[in-house]
Amino acid sequence: MNIVEQVKEQLKAEIAQAIEKAGLAAAGEIPAIILETPKEKEHGDFAANIAMQLARIAKKAPRAIAEEITEHLDKSKASIEKMEIAGPGFINFFLDNGYLRELIPAVMEADQSYGCSEFGNNQKVQVEFVSANPTGNLHLGHARGAAVGDSLCNILEKAGYDVTREYYINDAGNQINNLAYSVEARYFEALGKEASMPEDGYHGEDVRQFGKELADTYGDRFIDTPEEERLAFFREYGLKREMEKLKQDLHDFHVDFDVWFSETSLYEEGKVEETLQLLREKEEVYDQDGAVWFRSTTYGDDKDRVLVKSDGSYTYLMPDIAYHKNKFERGFAKVINIWGADHHGYIPRMQAAVQALGYQKNQLETQIIQMVNLYENGERVKMSKRTGKAVTLRDLMEEVGIDATRYFFAMRSADTHLDFDLSLAKSQSNENPVYYVQYAHARLSSIFRQASEKGFSFDPNADLTPIASEKEYDLLKKIGEFPEAVALAADKYAPHRMTTYLHELASVFHSFYNAERVVDPEDEKKTKARLALVKAVQITLRNGMKMLGVSAPEKM
RNA sequence: GCCCUAGUAGCUCAGAGGAAGAGCAACAGCCUCCUAAGCUGUAGGUCACAGGUUCGAAUCCUGUCUAGGGCGCCA
């Protein structure tokens, strides 16, 4: 708990005591006291709505209650400077903000771990995200999922969870057979032979490239090999190359996984069969029309779902249930899936499956990444997956850059449709929100360069008493909110709360920067104190940007 | 038809019981001074609509309208 939270707790305790002393309510009747940080400056440093909440218990008008609370409050104990009753019965507290200075050494001490909290109690959490089929390039939707997923993982880690990042490789289904056929077709094509793409083939440039590679390396060697053998080779080759590409693209996007989980491994280890057997024993499945059905309606799904088709093969759901069983067996208290919007109808059946396996419904959390529409110069950019004509993650990184792409995706709540404005993201101007935050960091760095040029050395033990202006306190308040902001973002699975926070922090800093001078050769004492303050800002900003996978430039 | 998302300033979006918010765009100012990719100020709103719950609703409930998406023995 940092000093801001301590002061808040103290103030809450004093309010509770005042309520008792005034005889407004007995100790057991007092509702949880909430202190808000008002948006408006005129509403003080903290505001309490307790008087309104007590209206019914005390059977008095809220403003009268507020009056009595303030009369019985021990101002000396909670560094209260002034109290005002406002609106329907808010009590606005104006504090002596000197205590905020204590944040500076605390932030410097914590350094890279500033922002961490015990919120997650070291609970084991698994986040599965991206998990795109290894059959082509990562497109816009995957890019959004990667940015949101990775940022969420960083946030969860900072909030005190033990996080595993996982990618589920769909390397067992039909789509891999189609990949093999597609590679084959491109291979023949590269050799100048007649070749036709399968109905559901993959038309991407990458697959064409693989065909060329194979033709260059092996010549016409595969033309006479038996089809089965040839396809097996192409399948392996295609999968290997696709995975290399995926990993590289994601890595370059600053997204790395702890576990790459192969669907095939579930089959090889008999996990799929084992899971089906378990469901049968638990009488969660039944046979009908030659197929095996999962009674998902027991757990609120619209209809029962087929697990084994009448031709004996599994549906997609079956290995996926086995996969989730495996997740929980690895000891994760919570499993978070980040899925594309096209999977959203799939949530109820997966939740049903988790319950059928004997786990709690809320142990599985599914976040949906909504659709991304691309705009350029005000025009909607049309994309077609079939022809492989789609904007890829790689395109975005090259055209827009990693920082802007990651920031843009992290900026909006994930479960709403996103209009991605390419022109805006590419523009090197103040219209682009990512620069606002980065510029703040560059300015901070510049201050330290200037300071050292002018002979000031940064002193972590500087006397901080010169820090006393409103702008400085505003900065410190914002810095003090950081761990709470991280924990809240973790609690709501909402990375976009971090971009909001960083924007606010940058804004308070820019405002301070314009109003006050840090490096002042005339006043060494003040300069040293402010350098320490500004160092705390820099640490906070940098930690936040790192969570979003955005770089913190020294110069711009 | 059923289910999910959304509808808040001109535009893009936060806010999810407590005092209507940000960025961009518009308008008016600010660089002899640590980076003007910045700052300061002005203007801009029936929070889609109608009911309900509450001391209090953009926020919760019910219904309606509009937009997008999902509803396979595909993955």
Side-chain angles (χ1 to χ4, degrees), chain A residues 34 36 38-40 42-43 47-56 61-62 86-90 92 133 135 170 172-176 178 200 263 288-293 302-303 305-317 319-320 341-348 368 370-371 373 375 378 411-413 415-421 424 427-440 442-451 453-454 456 492 494 496-497 499-500 503-504 506-507 509-521 527 530-531 534 555-556:
Chain A
I34 296 161
E36 303 191 307
K39 284 167 261 181
E40 307 280 333
E42 303 83 73
H43 298 153
N49 63 354
I50 190 72
M52 276 101 83
Q53 290 184 303
L54 281 171
R56 195 176 315 158
F90 289 99
N92 295 334
N133 289 342
T135 54
N170 294 106
N174 251 327
Q175 72 280 2
I176 294 298
N178 277 328
D200 302 314
E263 180 185 358
Q288 190 185 299
D289 306 329
V292 182
W293 296 72
D302 291 347
K303 44 190 165 189
R305 308 291 173 174
V306 171
L307 295 181
V308 186
K309 296 180 240 173
S310 47
D311 70 0
S313 64
Y314 295 119
T315 61
Y316 176 73
L317 183 58
D320 223 21
D342 52 337
H343 283 67
H344 105 252
Y346 201 77
I347 297 172
I368 287 299
Q370 270 297 349
M371 314 265 303
N373 292 318
Y375 285 81
M411 197 164 59
R412 302 286 179 233
S413 71
D415 58 0
T416 62
H417 304 261
L418 174 71
D419 292 332
F420 192 101
D421 187 337
L424 179 61
S427 78
Q428 305 259 328
S429 77
N430 63 333
E431 288 173 40
N432 193 333
V434 68
Y435 293 118
Y436 188 80
V437 175
Q438 291 189 311
Y439 187 57
R443 271 185 155 174
L444 283 156
S445 307
S446 168
I447 290 173
F448 288 106
R449 282 194 298 270
Q450 284 291 326
E453 262 176 42
K454 299 205 167 116
F456 289 103
K492 305 254 183 199
H496 74 274
R497 282 171 182 269
T499 59
T500 306
H503 194 277
E504 286 166 2
S507 167
F509 168 71
H510 283 307
S511 177
F512 159 81
Y513 181 92
N514 273 270
E516 318 258 21
R517 211 174 159 73
V518 174
V519 180
D520 180 1
T527 300
R530 285 193 171 164
L531 281 175
V534 152
K555 273 184 187 172
M556 278 173 78

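Values reported hereafter were calculated over all heavy atoms of this structure, with side chains retained and with hydrogens, waters and symmetry mates removed. Protein chains get the first letters and strands the later ones, always in sequence-line order, with residue 1 at the start of each.
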What distance, rounded to whole Å, do you find between the two [atom1] atoms, one in [N] and one in [M]?
N	M	atom1	value
B:A16	B:A58	C1'	9 Å
B:A28	B:A67	C1'	38 Å
B:C55	B:G17	C1'	12 Å
B:A57	B:A48	C1'	16 Å
B:G23	B:C71	P	40 Å
B:C61	B:A6	P	12 Å
B:A36	B:G29	C1'	13 Å
B:G10	B:U54	C1'	35 Å

Exercise for review: Would you classify B:C31 as syn or anti? Syn applies when the glycosidic angle is within 90° of 0.
Suggested key: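 In terms of base orientation relative to the sugar, B:C31 is syn.
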
Between [options], spot the one nearest the side chain of [X], thanks.
X	options	result
A:Asp419	B:C4, B:U12, B:A37	B:U12
A:Asn92	B:A75, B:C34, B:A19	B:A19
A:Met371	B:G69, B:G21, B:C34	B:G69
A:His344	B:C73, B:A75, B:G70	B:G70
A:Ser511	B:C39, B:A19, B:C24	B:C39
A:Arg443	B:G18, B:G15, B:A36	B:A36
A:Arg412	B:U12, B:G18, B:C3	B:U12
A:Tyr513	B:C34, B:G18, B:C24	B:C34
A:Arg517	B:C34, B:A19, B:G21	B:C34
A:Tyr439	B:A37, B:C4, B:C34	B:A37

Over all strands shown, is [X] touching base, sugar-phosphate only, or nothing at heavy-atom distances under 4.0 angstrom?
X	result
A:His43	base
A:Asn49	base
A:His343	base
A:Tyr436	sugar-phosphate
A:Asp289	base
A:Glu42	nothing
A:Glu36	sugar-phosphate
A:Glu263	nothing
A:Ser313	nothing
A:Arg497	sugar-phosphate
A:Ala55	nothing
A:Lys555	base

[X] side-chain N/O to [N] phosphate OP1/OP2 under 4.0 Å:
X	N	value
A:Thr315	B:A75	no
A:Lys39	B:A14	no
A:Asn514	B:A36	no
A:Thr416	B:A14	yes
A:Lys309	B:C74	yes
A:His496	B:G15	yes
A:Arg56	B:G56	no

Partner of [N] by Watson-Crick or G-U wobble geometry, both contacts under 3.5 Å, or none?
N	result
B:C49	B:G63
B:A16	none
B:C34	none
B:G72	none
B:A26	B:U42

**Study point:** Check: A:Asn170 side chain, A:Asn133 main-chain N or O, donor-acceptor pair, under 3.5 Å
**Key:** no

Exercise for review: Specify the residue among A:Gln175 and A:Asp520 whose closest nucleotide of RNA chain B lies further upstream toward the 5′ end.
Suggested key: A:Asp520

**Study point:** 5' priority, RNA chain B, between A:Gly345 and A:His503 [closest heavy atom]
**Key:** A:His503

Practice item. Report the relative orientation of the aromatic rings in A:His343 and A:Tyr346; use parallel for angles under 30°, tilted for 30 to 60°, perpendicular for over 60°. Key: perpendicular

Exercise for review: Drop me the distance from A:Asp520's CG to A:Lys454's NZ, to the nearest 0.5 angstrom.
Suggested key: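 Here the rounded value is 9.5 Å.
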
**Study point:** Whole angstrom value for the distance that separates P of B:G38 from CE of A:Met556
**Key:** 9 Å

